[in-house]
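Everything below concerns the one structure shown next.
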Number of protein chains: 2
Amino acid sequence: MLSKAKIKLIQSLDAKKNRQAEGLFVAEGPKVVGDLLPHFSCILLIATNKWLQDHPQEKADEIIEVTEDELRKASFLKTPQQVLALFRLPLPAVPSTTGEELMLALDDVQDPGNLGTIIRIADWFGIRQIICSKGCTDTFSPKVIQATMGGIARVQVIYVELEEWLQSLPEGTPVYGTFLEGDNIYSTPLQQRGVIVMGNEGNGISTAVERIVTQRLFIPSYPQGCETSESLNVAIATAITCAEFRRRRY
Amino acid sequence: MLSKAKIKLIQSLDAKKNRQAEGLFVAEGPKVVGDLLPHFSCILLIATNKWLQDHPQEKADEIIEVTEDELRKASFLKTPQQVLALFRLPLPAVPSTTGEELMLALDDVQDPGNLGTIIRIADWFGIRQIICSKGCTDTFSPKVIQATMGGIARVQVIYVELEEWLQSLPEGTPVYGTFLEGDNIYSTPLQQRGVIVMGNEGNGISTAVERIVTQRLFIPSYPQGCETSESLNVAIATAITCAEFRRRRY
């Protein structure tokens, strides 16, 4: 039996200020919850009888069996998926400053679906840290967490003063940025280290950050010079860019 | 002044059955409406004074100047954007059966955001027709139209019995499909013609369609063999696949 107080707590975690006050975030569905359980501390697991029977080994401070109807009252999804968990927010990770790994930096990416999808892409392409400007949307909102499809278990997302952090990297660290004009990404030498900066949905990369970019890249449309969309969605551009970096290794 | 009847009509167009009964669909915002006006017949344009002053040349059967508050009542967006238009649904296009162009086929893609993003990707990469199975979400819902960012003006989306249409293509037409196992897309010869099939969000490509695929492809994760997301979002996989096809031309 799920109390009204618990439903109210869960629903309150849609707001960042409540997540921070409680130190908690929500994840839902067998795939996402299953990926997160080994990596985050779970204080409450609410699940249908079916899920509990299929997952007898899973541990949490408190486990409550619920009906589909009860789950619906707590869920953020249109179609609730068997299980919902409350996890403790992790401690903030420390951003790498060696410039030796390939990392992503996001300059005011504001759509939760885009951020979640970018985390999933980073996970796929073996990028372990995403450095976010303070203007980016919060990682632990229900929408972002669901869009990561569990990727948040394996990718650290760290909020910093982006300009400052970029400037703290060792001299010679490549800082790639994608723009609507630049060098064709397919014919530009790409290192497997440094930072790939992606910009805001409407405005792209800010002027201050643009100044730190050492290699401007663009993804050519096809055929070149024809009427087309003026741009790609930021998550789509991130995917094509990361794929092109990693392709060079195959 | 926007009548209650018009607000009700606009809002009703969220449902496919109403779009089909009225023969109309909705588009919003300067970018999307601006891209669609030269391509679709506009029966009603409602816009703020600012937009109308900036676009004195735009034509529609009826133009109504509205306040931001009135626009909010009609809009499907959280933040309405100056202009909303009702367009006539186009007549269904005829799917190409020559196998000479590069086309996309979608097998039950159900999320409106994914379909809209895929249309935007097709537009960017010069793919002029997307062939959808009957189980795909409808193209003309407000969410899909907004996610295309105007791409729907330049890309035809056609609903067919997918298996039947694929079988009607000339012998020797390459039918590419992306799977979690197959040939590494980066080292497989790719023709600039034929069909790229993308599958449903949860279940991938259906067994019936899989049988018609002539070249199984996969997008390798990095580093290979490590723990990662089990899959990429379908729009992301579409983007990486289309980019790789077109890269071969640069």
Side-chain angles (χ1 to χ4, degrees), chain A residues 31-32 34-35 38-39 102 111 113-114 116-128 147-155 184-187 192 201-202 219-233 235-250, chain B residues 31-32 34-35 38-39 102 111 113-114 116-128 147-155 184-187 192 201-202 219-233 235-250:
Chain A
K31 164 74 179 131
V32 179
D35 273 23
H39 295 271
L102 189 62
D111 180 82
N114 283 341
T117 303
I118 290 171
I119 295 168
R120 188 176 174 187
I121 293 164
D123 184 26
W124 185 265
F125 287 112
I127 291 170
R128 295 293 153 233
T148 71
M149 282 301 280
I152 192 62
R154 294 168 294 269
V155 175
N184 182 330
I185 187 168
Y186 301 132
S187 49
Q192 299 293 323
E201 286 87 350
I219 299 166
S221 60
Y222 184 92
Q224 281 187 286
C226 276
E227 188 200 11
T228 171
S229 303
E230 278 159 33
S231 64
L232 290 165
N233 162 287
I236 296 298
T238 305
I240 295 171
T241 304
C242 292
E244 181 59 17
F245 270 80
R246 296 313 199 190
R247 183 183 70 79
R248 307 288 177 97
R249 278 294 182 91
Y250 290 108
Chain B
K31 164 74 179 133
V32 179
D35 273 23
H39 295 271
L102 189 62
D111 179 82
N114 283 341
T117 304
I118 290 171
I119 294 168
R120 188 174 174 188
I121 293 164
D123 184 25
W124 186 264
F125 287 112
I127 290 171
R128 293 293 153 234
T148 71
M149 281 300 280
I152 192 61
R154 292 168 295 269
V155 176
N184 183 330
I185 187 169
Y186 301 133
S187 49
Q192 299 292 324
E201 285 88 350
I219 298 166
S221 60
Y222 184 93
Q224 280 187 288
C226 276
E227 189 200 10
T228 170
S229 303
E230 278 159 33
S231 64
L232 290 166
N233 161 288
I236 296 298
T238 305
I240 295 172
T241 304
C242 291
E244 182 58 17
F245 270 80
R246 296 314 198 189
R247 182 184 68 81
R248 308 290 176 95
R249 280 294 182 89
Y250 290 109

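Convention: sequence-line order gives letters A, B, ...; per-chain numbering from 1.
Chain B forms the most heavy-atom pairs under 4.5 Å with one residue out of A/Asn184, A/Thr117, A/Ile240, and that residue is A/Ile240. Highest contact tally toward chain B, considering only A/Pro220, A/Ala239, A/Ala237, is held by A/Pro220 [criterion: heavy-atom pairs under 4.5 Å]. Interface summary for chain B: among A/Ile236, A/Thr238, A/Ile185, the most heavy-atom pairs under 4.5 angstrom belong to A/Ile236.
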Original post:
Hey, mind stepping through A/Phe125 and A/Leu102 against side-chain contact (heavy atoms from CB on, under 4.5 Å) and telling me if it holds?
Top reply: CA-CA 10 Å; A/Phe125 287 112; A/Leu102 189 62; over 6 Å; no
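Every side-chain contact (heavy atoms from CB on, under 4.5 Å) that A/Ala122 has, sequence neighbours left out, goes to A/Leu104, A/Ile127, A/Ile130, A/Val155. In this structure A/Asn114 satisfies the side chain to side chain donor-acceptor pair (under 3.5 Å) test together with A/Glu201, A/Asn233, sequence neighbours excluded.
For the 3.5 Å distance criterion, the side chains of A/Arg246 and B/Ser221 fail to qualify, holding no donor opposite an acceptor.
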